2 protein chains.
Amino acid sequence: MGREASFGEFVRSCRELKADGGEKGFSLRKLAERVGIEPSYLSKIERGQQPPPGEETISRIAEELGEDPDVMLAMGGKVSSDLLEVIRSRPRLFADLIRELKNTPDKAVLRLVREVRDGEW
Amino acid sequence: MGREASFGEFVRSCRELKADGGEKGFSLRKLAERVGIEPSYLSKIERGQQPPPGEETISRIAEELGEDPDVMLAMGGKVSSDLLEVIRSRPRLFADLIRELKNTPDKAVLRLVREVRDGEW
DNA sequence: CCATTTGTGTAGTATTTACTACACACTACG
DNA sequence: CGTAGTGTGTAGTAAATACTACACAAATGG
């Protein structure tokens with residue numbers, strides 16, 4: 001129940017911030033409509049009464065709320081399927097890399113990302 | 001049907017190699033017993049008539065056949081849950097890294113893995 | 001030739017996932 | 001005051017997931 005609740009709480013707080021922030025159109029019902037799900041379903045999700053929805057739905061919620069889809073997916077206990085695809089294409093390589101980086105501090109990983117991006121090798 | 005079939009074919013060929021290689025105890029039934037599933041189920045999986053089994057079962061099959069679990073999971077269209085856990089713990093970091101590495105050649109990724117392992121930073 | 005072992009066919013099932021549909025009560029506002 | 005919009009409760013469902021149980025026919029082996 002822990003993860004479901006925190007996911008829902010996060011969605012709700014994001015939505016209420018948007019709503020209070022003058023940007024109208026973020027009542028529970030409006031968000032549900034924009035995302036394409038039933039209001040009652042979203043209500044249950046926000047209160048942790050229902051587990052987080054599917055990947056597509058989480059991504060659409062994140063998009064509507066201006067949040068990072070990967071972060072929101074993570075809170076929902078999922079990982080974007082395009083990332084899974086990358087891993088599955090070269091499982092040995094990525095399994096090793098990710099396990100190696102498991103206990104590596106953020107800073108070092110971040111540096112690695114930049115190294116790769118800038119092609120410093 | 002493509003992925004399911006190739007997964008099954010791979011399992012079958014591994015098993016038959018083991019069986020023909022003198023190492024007894026790798027008939028379909030024996031493997032099924034060792035893994036803890038019904039023979040008929042394994043039979044259908046090997047022939048691609050049934051989609052690949054769950055993560056735990058795939059891992060046990062790989063273990064029994066002396067194959068790499070990550071590779072076998074990948075063939076079954078899955079990614080080990082411990083890797084997912086690592087990604088979910090720092091989604092922004094790992095999402096960026098993995099997408100960055102999507103089109104990076106094996107050699108370069110491998111070098112990265114070694115760099116991390118040897119702590120060259 | 002009889003018992004065992006082998007792979008396979010058929011017919012299910014329990015659980016999880018990812019939702020919908022509709023009715024209800026409360027509040028707000030014009 | 002009514003009506004529009006708000007969140008929520010109840011009661012479902014279709015499809016996917018991950019299997020089991022049992023029976024059968026062909027091959028194998030002592």
Side-chain angles (χ1 to χ4, degrees), chain A residues 1 3-5 7-9 11-20 23-62 64-65 72-73 75-81 84, chain B residues 1 3-5 7-20 22-62 64-65 72-73 75-81 84:
Chain A
M1 238 214 298
R3 203 165 52 222
E4 291 85 358
F7 173 80
E9 283 165 25
V11 170
R12 172 152 291 189
S13 64
C14 285
R15 181 175 61 79
E16 286 175 344
L17 281 179
K18 288 267 167 188
D20 298 347
E23 298 192 47
K24 210 42 196 164
F26 281 97
S27 74
L28 186 149
R29 282 179 120 95
K30 295 268 172 64
L31 177 59
E33 191 189 10
R34 277 156 172 266
V35 169
I37 57 175
E38 287 289 310
S40 62
Y41 185 40
L42 179 56
S43 171
K44 275 172 284 191
I45 289 167
E46 286 192 353
R47 285 169 300 130
Q49 210 183 96
Q50 200 79 22
E55 183 189 338
E56 278 305 308
T57 300
I58 294 181
S59 290
R60 261 175 287 147
I61 291 174
E64 290 298 332
L65 294 177
M72 208 144 215
L73 284 168
M75 296 187 109
K78 325 223 169 190
V79 171
S80 178
S81 53
L84 299 185
Chain B
M1 240 215 296
R3 202 165 53 221
E4 292 86 357
F7 173 80
E9 283 166 24
F10 181 62
V11 171
R12 174 153 289 190
S13 63
C14 285
R15 182 175 61 79
E16 285 176 344
L17 280 179
K18 289 264 167 189
D20 297 349
E23 298 193 46
K24 209 41 197 162
F26 282 99
S27 73
L28 187 149
R29 281 179 122 96
K30 295 267 173 62
L31 177 58
E33 191 190 10
R34 279 155 171 266
V35 169
I37 57 176
E38 288 289 311
S40 62
Y41 185 39
L42 179 56
S43 171
K44 275 171 286 192
I45 288 167
E46 286 192 353
R47 285 170 300 131
Q49 210 182 96
Q50 201 79 21
E55 182 188 340
E56 277 307 306
T57 301
I58 293 181
S59 290
R60 262 175 286 147
I61 290 174
E64 290 298 331
L65 294 177
M72 208 145 214
L73 283 168
M75 296 187 108
K78 325 223 169 189
V79 171
S80 178
S81 54
L84 299 185

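Within every chain, numbering begins at 1; the chains are lettered A, B, ... in the order of the sequence lines, protein sequences first and strands thereafter. As the structure is a prediction and not an experimental result, all values here were calculated from the model.
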[X] to [Y] - nearest heavy-atom pair and separation:
{"X": "A:L65", "Y": "A:V11", "answer": "CD1-O, 4.0 Å"}
{"X": "A:P53", "Y": "A:F7", "answer": "CD-CE2, 3.7 Å"}
{"X": "B:I45", "Y": "B:P51", "answer": "CG1-O, 3.9 Å"}

Review point. Given B:T57 and B:R60, is the side-chain contact (heavy atoms from CB on, under 4.5 Å) satisfied, shown in steps?
Key: CA-CA 5 Å; B:T57 301; B:R60 262 175 286 147; 3.8 Å; yes
Point to revise | Phosphate OP1/OP2 of C:dC19: any A:T57 side-chain N/O under 4.0 Å | key: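 Answer yes for this pair, as a side-chain N or O of A:T57 is under 4.0 Å from OP1 or OP2.
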Go through the structure and list residues passing side-chain hydrogen bond (donor to acceptor under 3.5 Å, both in side chains) with [X], not counting sequence neighbours.
{"X": "B:S40", "answer": "none"}
{"X": "A:R29", "answer": "none"}
{"X": "A:R12", "answer": "A:E46"}

Review point. Side chain of A:S43, backbone of A:P39: donor and acceptor closer than 3.5 Å?
Key: no
Practice item. Answer whether the closest heavy-atom distance between the side chains of B:L31 and B:L42 falls below 4.5 Å. Key: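 With C-beta onward as the side chain, the pair touches.
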Check your understanding: Any side-chain heavy atom of A:E16 within less than 4.5 Å of one from A:F26?
Key ->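 SC-SC contact between A:E16 and A:F26 ruled out.
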Point to revise | Contact boundaries on DNA chain D for chain B, cut-off under 4.0 Å to non-hydrogen atoms | key: D:dA18 to D:dC22
Check your understanding: Starting at CD of A:E56 and ending at P of C:dT17, how long is that distance when rounded to a whole Å?
Key ->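 Those two atoms, CD and P, are 18 Å apart.
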Practice item. Round to the nearest Å and state the distance from B:Q50 atom CD to C:dT13 atom C1'. Key: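 Going from B:Q50 (CD) to C:dT13 (C1'), I get 13 Å.
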**Study point:** nucleotides 25-30 of chain C: protein proximity per nucleotide (B base, S sugar-phosphate only, - neither; heavy atom, under 4.0 Å)
**Key:** ------
Point to revise | Heavy atoms from other residues, nucleotides or ligands near CD of A:E55 exceed 12 (cutoff 6.0 Å) | key: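 Yes, CD of A:E55 has more than 12 neighbouring heavy atoms, counting only those of other groups under 6.0 Å.
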Revision key, fill the gap. Contacts of B:Q49 and B:K30 projected onto DNA chain C by closest heavy atom; the upstream (5') one is B:K30
Exercise for review: Would you mind classifying the nucleic acid contact of A:S27 as base, sugar-phosphate or nothing, using non-hydrogen atoms under 4.0 angstrom?
Suggested key: sugar-phosphate
Exercise for review: Please list, by residue number, the residues of residues 31-39 of chain B whose heavy atoms come closer than 4.0 Å to an atom of DNA chain C; answer none if no residue qualifies.
Suggested key: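 Output list: B:P39.
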